[in-house]
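Sequence positions, counted from 1, serve as the residue numbers for this chain. The figures here come from the full heavy-atom set of this structure, side chains too, leaving out hydrogens, waters and symmetry mates.
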Amino acid sequence: NPYSAEAQKKIVSLNKASVQELMALPCKIPETLAKAIVEFRTAKGPFKKPEDLRQVPGMTDAFLEDINPQLKDGDVVFDPDAEPAMAPSKC
């Protein structure tokens with residue numbers, strides 16, 4: 001069941017997470033970038049699609065690949081179990 005309590009804990013909304021929650025993600029977001037994400041969505045409104053994160057000041061392709069944002073139920077989330085969507089093929 002993908003909606004088990006354990007799965008719920010791991011999935012983090014990039015539209016709702018605090019700076020601390022963003023920094024706690026396994027992809028090691030630095031405080032400056034976590035603050036930029038929160039400030040960006042406060043100013044511009046919630047992220048509608050994963051690509052919107054590209055517009056955040058300081059966001060690099062490497063960080064975007066690490067975060068691997070997913071669209072889930074109309075929200076942009078960090079899902080540790082998601083397949084890499086943004087990452088180009090490594091082969």
Side-chain angles (χ1 to χ4, degrees):
N1 175 0
Y3 295 106
S4 69
E6 193 181 326
Q8 287 287 330
K9 269 187 252 171
K10 290 195 221 156
I11 293 172
V12 177
S13 166
L14 298 170
N15 282 317
K16 299 187 185 90
S18 67
V19 172
Q20 285 72 24
E21 286 171 314
L22 290 168
M23 288 171 62
L25 293 178
C27 48
K28 305 280 184 281
I29 296 176
E31 186 175 0
T32 48
L33 185 56
K35 284 182 172 165
I37 290 171
V38 172
E39 284 166 13
F40 184 88
R41 69 176 195 227
T42 302
K44 309 259 196 233
F47 301 110
K48 301 265 193 296
K49 55 189 189 300
E51 298 77 43
D52 291 349
L53 280 151
R54 284 188 191 279
Q55 298 166 26
V56 174
M59 181 64 70
T60 63
D61 286 342
F63 276 129
L64 206 54
E65 261 180 49
D66 284 349
I67 299 168
N68 187 29
Q70 304 290 315
L71 192 57
K72 199 177 198 85
D73 301 324
D75 195 6
V76 178
V77 302
F78 167 82
D79 180 352
D81 301 325
E83 292 295 312
M86 312 287 259
S89 168
K90 297 272 191 279
C91 1

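- For the pair E21 and K16, the tightest heavy-atom approach, listed with the atom from each and the gap, is OE1-O, 4.1 Å.
- With N68 contributing its side chain and D79 its backbone, the two residues share no donor-acceptor pair below 3.5 Å.
- Nearest heavy-atom pair, P69 versus L14, reported as atom, atom and distance to 0.1 Å: CB-CD1, 3.8 Å.
- Shown here are the side-chain contact (heavy atoms from CB on, under 4.5 Å) partners of K48, two or more places apart in sequence or in another chain: P46, D52.
- The two residues V77 and S13 have their closest heavy-atom pair at CG1-CA, 3.9 Å.
- One finds the CG atom of L53 at 5.0 Å from the CE atom of M59 (value rounded to the nearest 0.5 Å).
- For residues 50-75, no pair satisfies ring pair (Phe, Tyr, Trp, His ring centres under 6.0 Å), with sequence neighbours left out.
- Nearest heavy-atom pair across Q70 and E83 is NE2-O, 3.5 Å.
- Nearest heavy-atom pair, A34 versus M23, reported as atom, atom and distance to 0.1 Å: CB-CG, 3.8 Å.
- To the nearest 0.5 Å, atoms CD (E51) and CG (L71) are separated by 8.5 Å.
- Here CD of E39 is found 12.0 Å from NZ of K44. Values are rounded to the nearest 0.5 Å.
- To the nearest 0.5 Å, atom CG of residue L33 and atom CD1 of residue I67 are 5.5 Å apart.
- Considering CD1 of I37 and OG1 of T32, their distance stands at 9.5 Å, rounded to 0.5 Å.
- Here D66 contributes atom CG and K28 contributes atom NZ; the two are 10.0 Å apart, rounded to the nearest 0.5 Å.
- The backbone N or O of L64 sits nowhere less than 3.5 Å from a side-chain atom of R54 that would complete a donor-acceptor pair.
- Remark: F40 engages F47 in a ring-ring contact (aromatic ring centres under 6.0 Å, His included) (not counting sequence neighbours).
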